[in-house]
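Lettering follows sequence order; numbering is per chain, from 1. The basis for the numbers below is simple: all heavy atoms, side chains too, and nothing from hydrogens, waters or symmetry mates.
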Amino acid sequence: MSAPVSIIDPETLPRHFEAAEVEARLHDRWDRLAVYAHDPARPRSETFVVDTPPPTVSGSLHVGHVFSYTHTDVVARYRRMRGENVFYPMGWDDNGLPTERRVQNHFHVRCDPRAPFTPGLTLAPATAAELKQPPRLVSRPNFIDLCLELTRQDEEAFKSLWRRIGLSVDWSLEYSTIDARCRHLAQLSFRDLFEKGHVYSIEAPTMWDVDFQTAVAQAEVEDRPTRGAFHDVAFGVEGGGELTIATTRPELLPACVAVTAHPNDARYRALFGKTALTPIFKVPVPIFPSELVDPEKGTGILMVCTFGDATDVTWWREQKLPLRQIIGRDGRLVAVTFGSDAFPSRDAETANARYAAIVRKGVGGARQAIVEMLRDATSDATGAGVPPLRAEPKPIEHSVKFFEKGDRPLEFISTRQWFVRLLDKKDDLLAFGDRIRWHPDFMRLRYRNWTENLNVDWCVSRQRYFGVPFPVWYPLDRDGHPEYARPVVADAATMPVDPTVDVPPGYDDDQRDQPGGFTAEADVYDTWFTSSLTPQIGSGWLLDPERHAARFPADIRPQSHEIIRTWAFYTIAKAMLHERTVPWHHVVISGWILDPDRKKMSKSKGNVVTPMHLLDEYTSDGVRYWAASARLGTDTAFDEKVLKVGKRLVTKLYNAGKFVLSQAGPRAPIDVELDRAFVARLRELVARVTKAFDEFDYAHALQDTESFFWHDFTDTYLELVKHRARDDAGGSAIAALRLGLGVLLRLFAPVLPYVTDEVWSWVFAGETGHPSIHRAPWPSAAELDAVAVPADAGCFDVAVACLAAINKAKSEAGVSPGRGVARLALAAHPETLRALAPVQADVLRSARVERHEMVAADALAASTFEVRDAEWVAAVEA
RNA sequence: GGGCGGUUAGCUCAGCGGUAGAGCAUCGGCCUUACAAGCCGAGGGUCGCUGGUUCGAAACCAGCACCGCCCACCA
């Protein structure tokens with residue numbers, strides 16, 4: 001007689017799955033066993049490298065995070081069970097404007113680089129009373145300390161959430177984008193791009209946010225529909241005549257440098273080459289033709305200003321127009337003098353008097369004031385002596401460029417900025433994008449679309465504080481002017497540097513800001529300049545060439561679709577510029593979680609669902625089930641019902657595990673036809689689920705596994721064989737049940753890491769020698785091929801159909817399914833009866849049929865049973 | 001204006017050339033020796049609209065409508 005299987009005593013286990021206790025216990029266990037540790041010694045071919053998104057820690061924490069990070073984790077867990085050495089780091093994106101803004105609001109402070117440094121400054125969150133006062137000004141080092149302190153707290157909150165939802169990251173690989181190593185890598189990136197000629201600095205009109213007072217890049221700009229109005233304004237024409245331009249930005253009249261119309265526009269053709277005279281300021285400006293003008297819009301003729309919009313920049317460049325910048329970095333009108341070289345005027349005295357009334361005003365105030373002046377006949381420049389505003393402003397709605405995080409329209413302001421040269425590499429960028437596999441594939445079009453429409457190089461300098469500084473100084477000439485054409489870039493060996501503190505090679509500290517000395521580049525990088533290096537941050541790149549060679553490019557980049565134009569795009573660009581390679585082989589795109597009205601969840605909309613109470617109520621596994629139920633790239637409305645289903649599944653797994661593993665019997669081969677048919681079904685399931693996971697399609701993998709588990713395993717197979725399993729001869733059934741449970745637990749493990757590992761630990765951990773299911777091998781064909789193939793795998797379905805027919809009859813008779821059947825006549829097609837024969841005993845025993853009669857009925861369809869006659873066993877008296 | 005997705009049962013979603021599916025919700029029946037956090041059943045849909053291809057279309061093609069997203073549109 002063979003040895004009995006090892007079993008559990010269900011009475012010793014908690015009645016229900018105690019999620020909080022199990023989760024805490026398993027965390028300890030996973031840590032102790034180093035289940036998620038990456039092995040640096042294993043070669044690239046055996047390693048699966050995840051380029052994890054570093055979350056912006058200053059953002060709100062909501063179920064959307066849980067959603068997408070779970071997707072990545074599910075894939076990582078699958079790969080780990082496939083025996084791959086998973087490289088799964090976690091970073092925090094903490095530098096940049098979102099953090100600065102959060103710190104400003106949290107402590108009610110503003111950074112003032114001129115403020116004195118206060119050693120050891122710590123602040124409490126601002127009180128309501130403090131918020132009514134002007135913000136406290138703090139020095140740059142103090143401001144950065146406050147940023148570091150607050151992000152540290154934010155990172156703790158994220159980290160505990162990540163652990164709670166069971167992300168299988170290797171925490172020894174944790175980083176933050178502001179830490180010394182990341183600053184070092186970002187500066188090395190700059191140095192490499194500089195040496196290769198991919199970066200340049202130039203003073204040029206740049207999109208500028210007047211609130212944050214920094215340049216921004218094209219990728220951070222969005223169009224917003226904005227109300228405005230066309231103002232018809234009459235200009236004089238020197239030599240006689242007039243013209244009426246239409247503008248939505250009358251406040252830029254002092255910055256007018258030209259007038260233009262379409263070359264074929266008969267109304268204005270005669271004016272080209274002549275000089276127009278602006279009203280109010282009487283500035284002579286050239287009139288030139290341009291194909292870019294739409295004759296249908298406004299009056300068909302318009303003023304060119306420096307700068308009202310992107311087209312103005314084009315005209316300014318192409319026509320070599322003068323620069324009359326009147327909007328300052330703070331969005332207010334700067335002081336200018338009419339009658340100077342830069343601002344000529346036919347009536348400088350009046351022009352200066354009028355301008356004095358608007359100087360220092362913001363754009364809106366200046367607009368009002370100018371419009372009032374345009375209503376005044378004395379502003380006329382046509383000689384007609386009538387108000388230049390020829391019609392009441394016509395309200396329109398048009399789209400205006402905003403910084404995505406900003407509140408006021410962007411201005412084009414001429415400033416010195418650093419750029420990464422990308423415009424001349426569009427073809428390469430497209431080709432590299434096509435070397436990557438996108439999941440779902442249509443997302444590749446977003447990348448193509450963006451790349452094709454790129455129209456300015458990547459502006460990477462930001463006039464902010466909490467960021468990675470440029471490792472750059474400029475020599476000062478004898479007059480103390482910076483020589484921007486000769487930047488001094490820090491040596492790789494001295495990085496990371498802060499040029500405002502550190503001294504460039506070849507200089508002494510006392511030469512700082514002295515004529516003949518040097519001055520620091522005060523700007524910091526665009527946060528994407530660092531974030532675009534996450535695959536290299538993971539691998540170590542120039543700081544660890546050996547590991548870089550073994551861990552780069554990464555396998556997958558998980559991310560959401562709205563940042564394809566930033567994160568994915570810049571990362572592809574960086575890898576291409578640095579090493580002529582792709583940064584990863586697969587991009588895996590999660591959708592969004594929408595609120596029930598199908599709007600994206602965001603803090604500003606106030607529709608955010610936070611995750612903690614959900615984890616408490618539905619367990620981590622239940623929440624993960626919800627996340628893993630959504631297909632890749634598909635936006636999903638948040639629906640708590642799905643969480644409920646997840647929790648139900650967890651409970652069911654726990655109970656099924658207890659039941660199966662408490663069935664005592666001998667260790668025996670699987671040699672009964674029904675058991676073999678079940679294993680055949682299981683084999684098919686494993687093949688399908690494995691294929692789905694290989695394609696990153698965890699949602700279908702889960703759905704398939706779940707429906708098999710619930711329907712085929714617990715409701716059907718288990719019901720069919722549980723009586724036999726209790727018999728002396730039930731060894732085959734017990735073996736098949738245990739095999740099925742062990743396989744299903746592993747198929748579920750990537751999605752439900754807690755309950756599966758808990759059930760696994762009872763018996764399978766010891767039997768297999770794999771203490772955690774998360775390092776147990778993925779179910780394989782080989783493991784199932786040890787079980788012989790059934791003569792007819794279809795007997796499983798026939799058994800199911802037969803049991804269903806009897807159940808239906810019981811239901812129609814109002815009899816409990818558990819009630820026995822004293823006598824039963826079952827009709828089916830002869831072929832069906834033949835198929836039933838090998839499994840008939842299990843079916844009849846399961847239905848508790850005492851006496852039966854099989855009726856051959858040629859008229860019935862295959863696998864169909866009819867209960868012709870039945871006599872139910874009387875109910876047991878209570 | 002260009003591009004991309006979507007539109008299937010009351011709800012959330014699968015299916016993507018071969019007789020319409022799941023879960024939830026609804027209704028009915030069951031304490032039945034793993035699980036009532038459960039089980040057994042039932043009802044419920046002209047698969048957005050209009051054409052076309054096909055022996056056969058929810059699926060393929062064309063057009064339209066609506067929803068959403070990405071991009072463009074600042075005179």
A:Lys810 side chain to A:Arg819 main-chain N or O, any donor-acceptor pair under 3.5 Å?
->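 Between the backbone of A:Arg819 and the side chain of A:Lys810 there is a qualifying donor-acceptor contact (under 3.5 Å).
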
In B/S/- notation (B base, S sugar-phosphate only, - none; protein heavy atoms under 4.0 Å), nucleotides 36-43 of chain B written 5' to 3' is SBSSBSS-

Write down the distance between [atom1] ([X]) and [atom2] ([N]), rounded to a whole number of angstrom.
{"X": "A:Lys644", "N": "B:rC24", "atom1": "NZ", "atom2": "C1'", "result": "8 Å"}
{"X": "A:Arg224", "N": "B:rC73", "atom1": "CZ", "atom2": "P", "result": "16 Å"}
{"X": "A:His711", "N": "B:rC35", "atom1": "NE2", "atom2": "C1'", "result": "17 Å"}
{"X": "A:Leu649", "N": "B:rC35", "atom1": "CG", "atom2": "P", "result": "18 Å"}
{"X": "A:Asn455", "N": "B:rC74", "atom1": "CG", "atom2": "C1'", "result": "14 Å"}
{"X": "A:His561", "N": "B:rG3", "atom1": "NE2", "atom2": "C1'", "result": "15 Å"}
{"X": "A:Leu632", "N": "B:rC4", "atom1": "CG", "atom2": "P", "result": "20 Å"}
{"X": "A:Trp592", "N": "B:rG5", "atom1": "CH2", "atom2": "C1'", "result": "12 Å"}

Base, sugar-phosphate, or nothing for [X], non-hydrogen atoms under 4.0 angstrom?
{"X": "A:Tyr447", "answer": "nothing"}
{"X": "A:Gly298", "answer": "nothing"}
{"X": "A:Arg448", "answer": "nothing"}
{"X": "A:Glu411", "answer": "nothing"}
{"X": "A:Val304", "answer": "nothing"}
{"X": "A:Thr247", "answer": "sugar-phosphate"}
{"X": "A:Ile301", "answer": "nothing"}
{"X": "A:Phe230", "answer": "sugar-phosphate"}
{"X": "A:Asp639", "answer": "sugar-phosphate"}

Between [Y] and [X], is the closest basic N to carboxylate O distance under 4.0 Å?
{"X": "A:Arg681", "Y": "A:Asp797", "answer": "yes"}
{"X": "A:Glu222", "Y": "A:Arg224", "answer": "yes"}
{"X": "A:Asp232", "Y": "A:Lys394", "answer": "yes"}
{"X": "A:Asp727", "Y": "A:Arg845", "answer": "yes"}
{"X": "A:Asp434", "Y": "A:Arg448", "answer": "yes"}

Please give the nucleotide sitting opposite [N] as a Watson-Crick or G-U wobble pair, both distances under 3.5 Å, or none.
{"N": "B:rC69", "value": "B:rG3"}
{"N": "B:rC55", "value": "B:rG18"}
{"N": "B:rU26", "value": "B:rA42"}
{"N": "B:rA62", "value": "B:rU50"}
{"N": "B:rU33", "value": "none"}

Of the listed B:rC69, B:rC24, B:rA72, the closest approach to the A:Gln218 side chain comes from B:rA72

Out of B:rC74, B:rC24, B:rC71, minimum distance to the side chain of A:Lys641 belongs to B:rC24

What integer number of Å spans the [atom1] atoms of [N] and [M]?
{"N": "B:rC11", "M": "B:rG56", "atom1": "C1'", "answer": "32 Å"}
{"N": "B:rA37", "M": "B:rA42", "atom1": "C1'", "answer": "24 Å"}
{"N": "B:rC47", "M": "B:rA22", "atom1": "C1'", "answer": "15 Å"}
{"N": "B:rA25", "M": "B:rA9", "atom1": "C1'", "answer": "11 Å"}
{"N": "B:rG45", "M": "B:rG21", "atom1": "C1'", "answer": "11 Å"}
{"N": "B:rA58", "M": "B:rG6", "atom1": "C1'", "answer": "14 Å"}
{"N": "B:rG3", "M": "B:rC64", "atom1": "P", "answer": "11 Å"}
{"N": "B:rC61", "M": "B:rC27", "atom1": "P", "answer": "42 Å"}

Per nearest nucleotide of RNA chain B, the residue lying toward the 5' end, A:Ala656 or A:Gly633, is A:Gly633

### Task
Specify the residue among A:Thr248 and A:Val815 whose closest nucleotide of RNA chain B lies further upstream toward the 5′ end.
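Result: A:Val815.
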
Answer with yes or no whether A:Asp223 presents, from its side chain, a donor or acceptor under 3.5 Å of a partner atom in the base of B:rC73. yes

Do the side-chain N or O atoms of [X] get closer than 4.0 angstrom to the phosphate oxygens (OP1, OP2) of [N]?
{"X": "A:Arg819", "N": "B:rU32", "answer": "no"}
{"X": "A:Gln663", "N": "B:rU33", "answer": "no"}
{"X": "A:Lys401", "N": "B:rC73", "answer": "yes"}

Note to self: Run the ring-ring contact (aromatic ring centres under 6.0 Å, His included) test on A:Phe709 and A:Phe748 for me, step by step, so that the C-alpha distance in whole Å, both residues' side-chain angles and the decisive distance to 0.1 Å come before the verdict.
What the structure shows: CA-CA 10 Å; A:Phe709 166 70; A:Phe748 275 125; 5.6 Å; yes

| A:Leu271 vs A:Leu243 side-chain heavy atoms within contact, under 4.5 Å | yes

Could you walk me through whether A:Phe307 and A:Phe412 pass ring-ring contact (aromatic ring centres under 6.0 Å, His included), step by step? CA-CA 6 Å; A:Phe307 298 94; A:Phe412 281 84; 7.0 Å; no

Problem set entry | A:Arg437, CZ: over 12 other non-hydrogen atoms inside 6.0 angstrom |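 No, not enclosed.
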
(Q) For A:Phe569 and A:Trp450, take the angle between the two ring planes, folded into 0 to 90°, and tell me which bin it lands in: parallel under 30, tilted 30 to 60, perpendicular over 60. (A)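 Correct class here is perpendicular.
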
